[in-house]
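First the structure, in the form of structure tokens, and then the observations on it.
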Amino acid sequence: MSKIEKLTEFVKSIYGNDRFIPLHEPYFNGNEKKYLNECIDSTYVSSVGKFVDDFEESIAKYANAKYAIATMNGTAALHTALMLAGVGNDDEVITQSVSFIATCNAIKYCNAEPVFIDIDKKTLGLSASALIDFLENGIYQDLNGFSYNLITKKRIKACVPMHTFGHPCEIDKIVDICKKYKILVIEDAAEALGSFYKNQHCGTFGDIGVLSFNGNKTLTAGGGGIILTDNKEFAQLAKHLTTTAKVPHKWDFNHDMIGYNYRMPNINAALACAQLEQIDFVLKSKRETAIKYKKFCKENDLFFVDEPSNAKSNFWLNAIVLKNKVEREEYLKLTNSNNVMTRPLWDLMSNLKMFENCYKDDLSNSIWVRERIVNIPSSVNLNS
Ligand SMILES: *Cc1c(COP(=O)(O)O)cnc(C)c1O
């Protein structure tokens, strides 16, 4: 048997031989049905209700953030975060080319352009050294200290690093550099619920952080997002913007700006509250699976993407690095025709036609990992 055949058999031996093994399926084993029933019985299934407040409070406490604002999905949370940072027409936002499309879409919703800086091979997140290189050589600052791209002359308002697959990037360094250049940091921590860098939860290092509770994430609300911040003004504006910018009044309608209907429905929050109660078990199970993969890979001369140093990953999606594109294709074909779901890394954002003209550095690491990485099944495992 070849290495990749052995790995396929190994995945099956972990998750069970006789069924389709998804990449990441939700795990419901707590108060989900109870809270959903309470929600329905109360008739408060929509835009108001106690579960939204409960969820915001519990997640803020878990991540140790001052404020948490719930939204209908992670993309809406990202869009709102960028608006809070004042990102608008003709601004630029530094981000990575290795990400899910939502990151760049949210930047475009603000009529701004992404600037693609390379990732670090160890963390798969934005490279602090590539960022320093760009800021030291590729920008100029005005008298206020604001930064502008030397080539495009556009103002760089924000930087959105992403914690890829739940592995924390070098977020402390990124925040330090961005401060110097008056660039706000919005962490796309959509994949990083339960991930910690130097014992601090991902999404709480930058000015604003964003989490996702989509169906394929570590925990799910059906659909949902969270905006994390310690900044009271940002928190108040986030709540206002995501709730149609309605001025509070007992009966009258008054809206003082263009707002969005981005709030999380109570029924989704009910699910989210039940899920969050189980996070310790979920993280434990996912870590155990990661350890099994790591051991197998070590014994079989395969490269497993482990958590970076100084970090505790949630191991949202486990990944292996194959020799080259040919081996990647072979493995994808073998697994997906054998009831084992695997996926390559997203195509680089800089390759998509909507973003092909955006400023980018050489992206050598991004190109390298795009050709080699494959995600393997990572759900909570009840067989172990
Ligand atoms: C999941 C995800 C999001 C947000 O996704 P939603 O499906 O809108 O909740 C944003 N960025 C990244 C990197 C993601 O993986």
Side-chain angles (χ1 to χ4, degrees), residues 22-26 55 59 68-83 87 93-110 114 116-117 119-120 123-126 158-169 171 174 185-195 202-203 206 208-228 238 242 260-265 268-269 271-272 275-276 286 305 313-319 343-350 352 355 366 369-370 373 375 378-379:
L23 203 58
H24 203 286
E25 63 188 340
F55 181 48
I59 200 87
I69 299 90
T71 57
M72 59 197 267
N73 57 50
T75 311
L78 269 173
H79 181 202
T80 306
L82 288 159
M83 289 192 283
V87 173
V93 176
I94 296 170
T95 190
Q96 53 199 68
S97 192
V98 171
S99 189
F100 176 58
I101 187 78
T103 319
C104 285
N105 276 346
I107 293 168
K108 278 287 191 177
Y109 298 163
C110 298
F116 298 113
I117 299 299
I119 57 161
D120 191 325
T123 67
L124 304 180
L126 192 69
C159 174
V160 186
M162 198 274 278
H163 302 288
T164 309
F165 307 147
H167 299 310
C169 64
I171 188 63
I174 291 169
V185 175
I186 298 167
E187 290 174 75
D188 185 343
E191 304 178 357
L193 173 69
S195 295
C202 287
I208 308 165
V210 165
L211 304 173
S212 166
F213 293 84
N214 190 38
N216 64 344
K217 293 287 168 28
T218 299
L219 299 182
T220 187
I226 279 283
I227 298 164
L228 297 172
T242 54
Y260 296 79
N261 186 10
Y262 274 179
R263 70 191 119 199
M264 177 184 279
N268 296 98
L271 195 59
Q275 286 269 283
L276 193 54
K286 288 168 70 60
V305 180
S313 178
N314 63 4
F315 289 102
W316 172 55
L317 278 192
N318 291 299
R343 286 289 181 265
L345 191 64
W346 313 279
D347 193 7
L348 300 186
M349 292 300 110
S350 48
L352 303 183
F355 306 115
S366 308
V369 299
R370 157 67 181 158
I373 277 193
N375 287 121
S378 305
S379 316

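As the structure lists them, so they are numbered: ligands from 1, and atoms in each ligand from 1.
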message: Checking side-chain polar atoms at under 3.5 Å, does S378 have a donor or acceptor matched by the opposite partner on H24?
response: no
- prompt: How far does CG of L82 sit from OH of Y109, to the nearest 0.5 angstrom?
  reply: 11.0 Å
- prompt: Which distance, rounded to the nearest 0.5 Å, do you find between the CE of M162 and the CD1 of I186?
  reply: 15.0 Å
message: Treating Q96 as the side-chain partner and I119 as the backbone partner, does any N or O pair qualify as donor plus acceptor under 3.5 Å?
response: no
task: With sequence neighbours left out, write down each residue that passes side-chain contact (heavy atoms from CB on, under 4.5 Å) with Y262, or none if nothing qualifies.
output: M72, A76, H79, T80, T242, Y260
With the criterion set at N/O pairs under 3.5 Å, what does the list of contacts between the protein and ligand 1 look like, atom names and distances included?
unit_1: ligand 1; atom_1: 8 (O); unit_2: G74; atom_2: N; d: 3.3
unit_1: ligand 1; atom_1: 8 (O); unit_2: T75; atom_2: N; d: 2.8
unit_1: ligand 1; atom_1: 8 (O); unit_2: T75; atom_2: OG1; d: 2.5
unit_1: ligand 1; atom_1: 9 (O); unit_2: G74; atom_2: N; d: 2.7
unit_1: ligand 1; atom_1: 9 (O); unit_2: S212; atom_2: OG; d: 2.7
unit_1: ligand 1; atom_1: 11 (N); unit_2: D188; atom_2: OD1; d: 3.3
unit_1: ligand 1; atom_1: 11 (N); unit_2: D188; atom_2: OD2; d: 2.8
unit_1: ligand 1; atom_1: 15 (O); unit_2: E191; atom_2: OE2; d: 2.5
unit_1: ligand 1; atom_1: 15 (O); unit_2: K217; atom_2: NZ; d: 3.2

field: Mutual orientation of the aromatic rings belonging to F315 and H167 [parallel < 30°, tilted 30-60°, perpendicular > 60°]
entry: perpendicular
